[in-house]
Amino acid sequence: MLPTEDLFVYVYVLVDDAITAGAIAIPPRPGPAPACSDAELLAIALVRHLLGRRSEAGFLAEVARDWAHLFPVLPHQSEANRRIRWLWGASEQLRAALAARLPEDDCQQIDTSALPVKHASRVRGPDQWTGPGNDLAARFGRDAAHAEWFYGFRLAIKTDLGSRIVRAWSIVPAAVSERDVAHDLLEAGPPPRDLLADKGFNGKAFAAQQAARGTAVLVPPTKDQRQRMPAILQKVIAEWRNRVEASFAEITDLMELARHGAHTFWGLLTRTAATIAAHTLLHTCLADLVQA
């Protein structure tokens, strides 16, 4: 990773150039232009996730203490939080613009990961964890990775197998059918030749629908299938699965999305969009800089 000061400068210039070029379109707001620009706030949000800082308020205090020469007029934490939520769509536009720089892989992966919002024992009834529409709300679901129930949402992503760049993502209720999620994600971009998915996406109807689009669905073998499968093929499938798990580890653990600290759905949406934009930035632009 670049030194922190260089990282701030690089990300700010990247964001500001994208806004100037029209790749990021930010709706106008009433009133005078703020002293701290949208490009500055987006740069701060992205760098926070690149550095894996969990607390937004704590990171703003760190910026004011250590990097005030780069951001001389920082808004109060409440104003910054409100404006960053307004800019969640800008984070997604930046992600899409960065991902478009590289061609999509013929082989892609789809999977989901738990996004808890409240401990299951504290759920008493309807709460503020609802998004737009009547069907996007926190629910109980099973987290297979940790063998436990949770209350919240799932993060669904479609990534390239080789570069592990996120090509599409969505936040869905915890109890949603994973095959329904896959249909929506696969509408973004051209159909891949091969689609690697977990067992939750297995189904003859789903495989047939994707085959009609030219996509072969590959799922982990069952216990009986593994007994008849060559060991080398089992190793290849396991290595492929590890790539999507590595993407989730970067997004949810290293960049702290699993401990998002959001209090509303819109806060969760903002943090998710910024985190995935930072992940895409890491695997497109910053990977080359680190190697250089």
Query raised in the report: With a 3.5 Å cut-off and no angle check, do the side chains of Arg95 and Thr280 form a donor-acceptor pair?
Result: no

**Report entry** Expected output: side-chain Thr270 to main-chain Trp266 donor-acceptor under 3.5 Å
**Finding:** yes

Query raised in the report: Under 3.5 Å, side chain of Arg48 to main-chain N/O of Arg54, donor-acceptor pair present?
Result: yes

Requested in this report: Side-chain contact test, heavy atoms from C-beta onward, threshold under 4.5 Å: evaluate it for Glu245 versus Asp111 and give yes or no.
Outcome: yes

**Report entry** Non-hydrogen atoms of Asp198 and Val219 that approach each other most closely
**Finding:** O-CG1, 3.8 Å

Query raised in the report: Can Glu250 and Met255 be said to form a side-chain contact (heavy atoms from CB on, under 4.5 Å), step by step?
Result: CA-CA 6 Å; Glu250 290 172 345; Met255 294 185 176; 5.5 Å; no

Report task. Please state whether the rings of Phe8 and Phe59 are parallel, tilted or perpendicular, taking 30° and 60° as the class boundaries. Result -> parallel

Query raised in the report: Is atom NE2 of His69 surrounded by more than 12 heavy atoms (other residues, nucleotides or ligands) closer than 6.0 Å?
Result: yes

Query - Intermediate values then yes/no, side-chain contact (heavy atoms from CB on, under 4.5 Å), Leu98 and Leu14 - result: CA-CA 10 Å; Leu98 293 174; Leu14 182 74; 4.2 Å; yes

Query raised in the report: For Pro192 and Thr215, which heavy atoms make the closest approach, and how far apart are they?
Result: O-OG1, 2.5 Å

Query - Arg83 and Arg29: CA distance, side-chain angles, deciding distance, side-chain contact (heavy atoms from CB on, under 4.5 Å) verdict - result: CA-CA 10 Å; Arg83 287 181 57 194; Arg29 294 186 296 272; 3.9 Å; yes

Query raised in the report: Which residue, Leu282, Thr284, Thr159, forms the side chain to side chain contact (heavy atoms under 4.5 Å, CB included) with Ile165?
Result: Thr284

Report task. Decide yes or no for Ile251 and Val166: does some side-chain heavy atom of the first lie under 4.5 Å from some side-chain heavy atom of the second? Result -> yes

Query raised in the report: So, does Arg154 use its side chain to make a donor-acceptor pair with the main chain of Ala174 at under 3.5 Å?
Result: yes

Query raised in the report: Taking the side chain as C-beta and beyond, is there a heavy-atom pair between Thr112 and Leu155 under 4.5 Å?
Result: no

Query raised in the report: Hey, mind stepping through Leu185 and Ser170 against side-chain contact (heavy atoms from CB on, under 4.5 Å) and telling me if it holds?
Result: CA-CA 8 Å; Leu185 293 182; Ser170 65; 4.0 Å; yes

Query raised in the report: Quick check: does any side chain N or O of Arg124 sit under 3.5 Å from a backbone N or O of Ser121, one acting as donor and the other as acceptor?
Result: yes

Query raised in the report: Tell me, do Leu60 and His76 make a side-chain contact under 4.5 Å, heavy atoms counted?
Result: no

Query raised in the report: Do Leu268 and His263 have side-chain heavy atoms sitting under 4.5 Å apart?
Result: no

Requested in this report: State, with a plain yes or no, whether a side-chain heavy atom of Trp86 is found less than 4.5 Å away from one of Ile26.
Outcome: yes

Query raised in the report: Any sub-3.5 Å donor-acceptor pair from His49's side-chain atoms to Thr272's backbone N or O?
Result: no

Query raised in the report: Between Phe201 and Phe206, what is the ring plane arrangement, given parallel below 30°, perpendicular above 60°, and tilted in between?
Result: tilted

Requested in this report: Hey, could you give me the CH2/CZ distance between Trp129 and Phe265, rounded to the nearest 0.5 Å?
Outcome: 9.0 Å

Query raised in the report: Hey, does Tyr10 have a side-chain heavy atom less than 4.5 Å from the side chain of Cys285?
Result: yes

Requested in this report: Test salt bridge (charged side-chain N to carboxylate O under 4.0 Å, His left out) on Arg53 and Glu256 and set out the steps.
Outcome: CA-CA 7 Å; Arg53 300 291 199 273; Glu256 292 285 346; over 6 Å; no

Report all side-chain donor-acceptor pairs from residues 99-107 shorter than 3.5 Å, counting only partners two or more places apart or in another chain.
| unit_1 | atom_1 | unit_2 | atom_2 | d |
| --- | --- | --- | --- | --- |
| Glu104 | OE1 | Gln108 | NE2 | 2.9 |
| Asp105 | OD2 | Leu161 | N | 3.4 |
| Asp105 | OD2 | Gly162 | N | 2.7 |

Requested in this report: For residues Glu5 and Pro3, determine if any side-chain heavy atom of one lies less than 4.5 Å from a side-chain heavy atom of the other.
Outcome: no

Query - Shortest non-hydrogen separation from Pro75 to Leu41 and the atoms involved - result: CG-CD2, 4.1 Å

Query raised in the report: Is a donor on one side and an acceptor on the other found under 3.5 Å between the side chain of Lys158 and the backbone of Ala182?
Result: no

Report task. Given salt bridge (charged side-chain N to carboxylate O under 4.0 Å, His left out), test Arg122 with Asp127 step by step and report yes or no. Result -> CA-CA 11 Å; Arg122 297 181 178 178; Asp127 52 28; over 6 Å; no

